[in-house]
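One structure is given below, encoded as structure tokens.
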Amino acid sequence: MKNDNFLRALLREPADRTPIWIMRQAGRYLPEYNATRKRAGSFLALAKSPELACEVTLQPLERFDLDAAILFSDILTIPDAMGLGLSFAEGEGPRFARTVRTEEEVRRLPLASLEELRYVFDAVSLIRKSLAGRVPLIGFSGSPFTLACYMVEGGGSDDFRLVKSMLYARPDLLHAILEKNAQSVVAYLNAQVAAGAQAVMLFDTWGGALSDAAYREFSLAYARQVFAGLARTAEGRTVPRIFFTKGGGLWLEAMADCGADALGLDWTIDIGEARRRVGDRVALQGNMDPAVLFSPPESIEREARRILGSFGGGPGHVFNLGHGVSQFTPPDHVHALVEAVHRHSPGAARA
């Protein structure tokens, strides 16, 4: 591999520089992405075409000196492959034709069909081949709890009223959904690794909406189950795992023991403080506020230097945003960030 700094950083090994990639780096802020999406006809058509998914995955790497590529897909592929009927209405976000709320609906819920997800694995293989060792490829999935939020609510939610009602009134039903989700996520991520993904990330987007006790029981426990079931090596090397709970700063110590090699951080916690709390148990990924990218390049550079300085020297830092890049972000500002991180990177302490 020409550039394996990302994989080294995740495993807290010496690297030439602090690697950077950006959540949602293939997205609507790039005009070339919008052109490809228009050609595809819809977001789902784009995601379900291995050739087009490969095309947009590679687009940001042609613009920016990034240290990793991430599969272009969606976190809701698993419930779609469970037969819930995923769709995206323009400007409204994801919706499911069928929800999972009653005992009968939970009982009938199948595990995700890997055959229905073949387009994802084909995309991974094609992207990996197209990268030709340039940078590593990240595969990913939504976490069991985050997937359950959409499956119960039927789409996005402001208050998660339905899934939280189930959590407190019928925890047995939610546990049954989460168990099927966890088994499906394990099979899904292992298939991505078999197809060529060199690291995997579990996105727990909505875990931070839970109480302390509920997070530990309904989110973290199932993330731990997922990591316990994942293949540890492929192609003769370790496959690192990243766990990201948006709003998860309260649980860093517990998250560090869940089986992940690295924790993603949002922007609400100082990365230096996070490092002090987790010690040398895991690497850290993050954690610039995406809104910084609306500011002038000199402000972006100043904030990048602050985060790099807060983490300090030594191995174990992957620079990223604290969540996905906004569709309104000027691409030139992303370029400024990538260049600033590489320019001011302290590198990793070498043995």
Next item on the list: Any chance you could lay out the side chain to side chain contact (heavy atoms under 4.5 Å, CB included) test for Phe294 and His333, step after step, and finish with the verdict?
Entry: CA-CA 7 Å; Phe294 298 133; His333 289 195; 5.8 Å; no

Notebook entry, point to check: Could you go step by step and tell me if Phe64 and Glu339 meet the side chain to side chain contact (heavy atoms under 4.5 Å, CB included) rule?
Noted result: CA-CA 8 Å; Phe64 315 121; Glu339 293 302 304; over 6 Å; no

Taking the side chain as everything from C-beta on, heavy atoms only, tell me whether [X] gets closer than 4.5 Å to [Y].
X	Y	value
Phe244	His323	yes
Ile70	Phe140	yes
Val278	Leu284	yes
His175	Asp172	no
Leu252	Leu265	yes
Leu321	Leu337	yes
Gln327	Arg24	no
Arg98	Glu105	no

Taking [X] for its side chain and [Y] for its backbone only, find out whether a donor-acceptor pair lies under 3.5 Å.
X	Y	answer
Lys246	Gly322	no
Ser345	Thr18	yes
Lys164	Ala209	yes
Thr57	Ala53	yes
Thr245	Gly208	no
Glu153	Arg161	yes
Arg224	Cys258	no
Asp212	Leu250	no

Next item on the list: Give the ring-plane orientation class for Phe6 versus Trp21, where under 30° counts as parallel, over 60° as perpendicular and anything between as tilted.
Entry: perpendicular

Notebook entry, point to check: Relative to the ring of Phe243, is the ring of Phe227 parallel (under 30°), tilted (30 to 60°) or perpendicular (over 60°)?
Noted result: perpendicular

Margin query: Would you say Leu111 ends up clustered with Ile75 if hydrophobic residues are merged whenever their side chains have heavy atoms under 4.5 Å apart, either directly or through other cluster members?
Written below: no

Item checked: Common cluster, Leu173/Leu162, ILVMFWY with side-chain heavy-atom separation under 4.5 Å -> yes

Checklist line | CG on Leu178 to CG on Leu167, rounded to 0.5 Å | finding: 8.5 Å

Check: Quick one: CG on Asn3 to CZ on Arg17, what's the gap to the nearest 0.5 Å?
Finding: 5.5 Å

Provide the closest heavy-atom pair for [X] versus [Y] in the form atom of the first, atom of the second, distance.
X	Y	answer
Asp16	Asn5	N-OD1, 2.8 Å
Ile177	Met166	CD1-SD, 3.9 Å
Pro240	Gln198	CD-O, 3.3 Å
Pro50	Leu126	O-CD2, 3.7 Å
Ala69	Val135	N-CG2, 3.8 Å
Pro315	Pro14	CB-N, 4.4 Å

Cationic N near anionic O, under 4.0 Å, [X] to [Y]:
X	Y	value
Glu51	Arg39	no
Asp270	Arg306	yes
Arg170	Glu103	yes

Notebook entry, point to check: Taking the six-membered ring for Trp, are the ring centroids of Phe218 and Tyr168 within less than 6.0 Å of each other?
Noted result: no

Margin query: Quick check on Arg305: does its CZ atom have over 12 non-hydrogen neighbours (other residues, nucleotides or ligands) under 6.0 Å away?
Written below: no

Next item on the list: Answer yes if the side chains of Gln192 and Ser141 hold a donor-acceptor pair under 3.5 Å, and no otherwise.
Entry: no

